[in-house]
There are 2 protein chains.
Amino acid sequence: MSTIGTVDADGGEGVSLHQRILSDISERILSGAWAPGHRIPFEHELTAQYKCSRMTVNKALSQLAKAGLIERRRRSGSFVRRPQSQAAVLEIHDIRIEVEALGLPYRYERVARQKRRSSAEDRALLELGPAGPVLALECRHFAGIRPFAHEQRLINLTAVAEAADEAFLGTAPGPWLIGRVPWSAAEHRIRAVAAEKHIAAALDIEAGAPCLVVERRTWSAEHPVTHVRFTYAAESHTLVARFTPSRT
Amino acid sequence: MSTIGTVDADGGEGVSLHQRILSDISERILSGAWAPGHRIPFEHELTAQYKCSRMTVNKALSQLAKAGLIERRRRSGSFVRRPQSQAAVLEIHDIRIEVEALGLPYRYERVARQKRRSSAEDRALLELGPAGPVLALECRHFAGIRPFAHEQRLINLTAVAEAADEAFLGTAPGPWLIGRVPWSAAEHRIRAVAAEKHIAAALDIEAGAPCLVVERRTWSAEHPVTHVRFTYAAESHTLVARFTPSRT
DNA sequence: CCGACGATTATGTATATACATATAGAAAGG
DNA sequence: CCTTTCTATATGTATATACATAATCGTCGG
């Protein structure tokens with residue numbers, strides 16, 4: 001009612017009111033104090049409680065609704081939602097960063113490179129309509145002296161023409177593409193396979209050994225850009241995804 | 001400057017200004033028209049362009065910043081961020097729903113159930129401090145007549161006392177827990193393994209065959225609630241995660 | 001008893017205004 | 001030429017107000 005800005009009248013210590021309302025409410029929900037279905041206070045009640053304007057409360061509640069913690073119903077109020085089907089933010093880093101996080105020296109090696117007209121298989125992988133030029137790459141990523149990951153990549157040269165002139169001897173295609181091509185969508189497919197001979201040799205493991213395969217397809221503004229298949233030897237890699245619903 | 005509400009003066013057709021600004025700008029960024037590093041118009045310029053108040057523009061830009069598309073710098077303006085390390089929203093559904101989506105009849109079977117004092121291994125899996133009662137479950141999920149997934153679960157009875165009285169013969173522990181326990185965090189670990197004898201038998205595959213293992217640990221307000229390990233035969237399962245950065 | 005209808009109410013969206021705050025860049029000083 | 005100080009500027013947060021919209025609830029008539 002009186003103060004403006006981030007300095008708060010009473011209990012607050014430098015945190016914005018917005019933040020305080022957000023954390024207060026999400027804490028009550030996550031701790032279970034406000035069970036699913038529970039009606040949280042009306043905007044005008046929170047307005048009185050926090051001694052602030054309705055807009056401030058409204059912004060905070062709208063954000064909680066967008067984060068999926070509450071559901072807002074006109075005329076009825078805002079209600080705690082039932083826990084959602086679990087979703088996790090899966091971050092897939094640059095392999096170099098991943099390897100270096102392990103404290104091991106990283107090395108990249110380009111095994112093969114071929115510019116060709118897209119085959120039917122290429123088009124299926126890229127979800128490409130008409131045939132066009134693509135660049136097929138095969139690479140290895142090392143952690144120390146051990147092979148860490150095997151990479152098979154297709155780049156749609158219609159979408160990224162400049163890739164045709166790049167040898168990819170020193171730079172891995174991943175980091176090269178990131179930062180050069182804005183991407184609008186990506187799809188991951190994660191599965192376990194038995195290593196086929198070719199890949200087993202590249203990873204220095206036995207044929208038939210279990211491997212984790214991560215495939216990623218990337219689009220930029222409706223155009224398919226690239227398809228990658230990373231193969232990791234089972235013991236070398238675990239994907240970790242952590243999720244906290246309060247996406248402040 | 002003149003109209004209020006969702007009805008728009010000129011071009012808009014029922015969409016809120018907020019939404020229109022959001023989609024206009026993110027489209028320009030994702031299409032590459034505004035490259036990384038590019039300074040997007042100042043708030044006061046957008047205010048003039050959309051003939052609206054600064055607050056409306058500010059809310060939209062703040063949202064884009066929170067979504068990671070732009071970076072805002074005081075005194076300097078707002079800039080298109082470089083494409084981030086790719087992150088995907090990985091949704092892990094109820095297995096029943098997954099199976100039924102395949103058009104196959106779902107069946108659940110509880111193989112074993114044991115209430116015990118947590119062993120050292122249990123405590124490591126749950127990240128539990130002091131020893132306490134836990135419930136260990138082993139289950140199978142079927143798609144048609146074929147085993148689809150094998151489930152090994154630990155439930156921390158200190159956190160969820162009521163689970164002690166549940167036999168889990170008809171209901172799988174996943175759906176039972178969801179909706180009963182609010183959860184605040186989850187961690188997934190995904191990896192490939194060779195099937196050990198016990199699990200190979202349960203899944204009706206050969207020992208040593210590659211399997212996809214998804215482990216999930218769940219907390220509720222700092223208390224570990226449950227640890228699950230799902231094992232899928234390689235050919236039966238692929239995790240798919242799709243991501244579009246415009247998280248409207 | 002039931003269905004139509006209008007009043008009430010909580011949220012949704014937008015405006016205009018005010019002051020805070022970080023900082024890039026210009027001006028002043030050594 | 002380098003450093004310090006000042007100022008202008010763009011964003012950050014909050015207020016008070018206004019009107020739109022959807023849905024619930026009570027009322028009234030058949």
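Naming: A, B, ... by sequence-line order, numbering from 1 per chain. Excluded from the calculations below are hydrogen atoms, water molecules and symmetry mates; all remaining heavy atoms, backbone and side chain alike, are included.
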In whole angstrom, what separates [X]'s [atom1] from [N]'s [atom2]?
X     : N      : atom1 : atom2 : result
A/L64 : C/dG12 : CG    : P     : 12 Å
A/M55 : D/dA18 : CE    : P     : 15 Å
A/K59 : C/dT13 : NZ    : C1'   : 13 Å
B/N58 : C/dA20 : CG    : P     : 17 Å
A/L17 : D/dA16 : CG    : P     : 12 Å
A/R54 : D/dT15 : CZ    : P     : 13 Å
B/L61 : D/dT13 : CG    : P     : 13 Å
A/Q63 : D/dT13 : CD    : P     : 11 Å

Those residues that, when tested against [X], pass salt bridge (charged side-chain N to carboxylate O under 4.0 Å, His left out) (two or more places apart):
X      : result
B/R75  : none
B/R107 : B/E109
B/E43  : B/R54, B/R72

Is the shortest side-chain N/O distance from [X] to OP1 or OP2 of [N] below 4.0 Å?
X     : N      : answer
B/S76 : D/dT11 : no
A/T56 : D/dT15 : yes
B/S78 : D/dT11 : yes

Produce the list of close N/O pairs, under 3.5 Å, pairing protein atoms with atoms of nucleotides 4-9 of chain D; give distances to one decimal.
| unit_1 | atom_1 | unit_2 | atom_2 | d |
| --- | --- | --- | --- | --- |
| D/dA8 | N3 | B/R75 | NH1 | 3.3 |

Legend entry - Contact list for residues 161-178 of chain B, test salt bridge (Lys or Arg N to Asp or Glu O under 4.0 Å), sequence neighbours left out: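 Checked against salt bridge (Lys or Arg N to Asp or Glu O under 4.0 Å) - neighbours excluded - the pairs reaching residues 161-178 of chain B are B/E162-B/R180.
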Legend entry - Basic-acidic side-chain contact under 4.0 Å: A/R217, A/E215: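 No, no charged N to carboxylate O under 4.0 Å.
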Legend entry - ring-ring contact (aromatic ring centres under 6.0 Å, His included) contacts in which one or both residues fall within residues 61-81 of chain B, not counting sequence neighbours: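 Listed by first then second residue: nothing to list.
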Inset, instruction - Look at the rings of A/H237 and A/F148 and say which category their plane angle falls in: under 30° parallel, 30 to 60° tilted, over 60° perpendicular. - result: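 Rings of A/H237 and A/F148: perpendicular, over 60°.
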Legend entry - Side chain of B/R72 - closest among C/dT13, D/dG12, C/dA16: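 Between C/dT13, D/dG12, C/dA16, the one nearest the side chain of B/R72 would be D/dG12.
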Legend entry - Among C/dT11, D/dA14, D/dT15, the nucleotide that comes nearest once only the side chain of A/C52 is considered: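 Shortest atom-to-atom distance from the side chain points to D/dT15.
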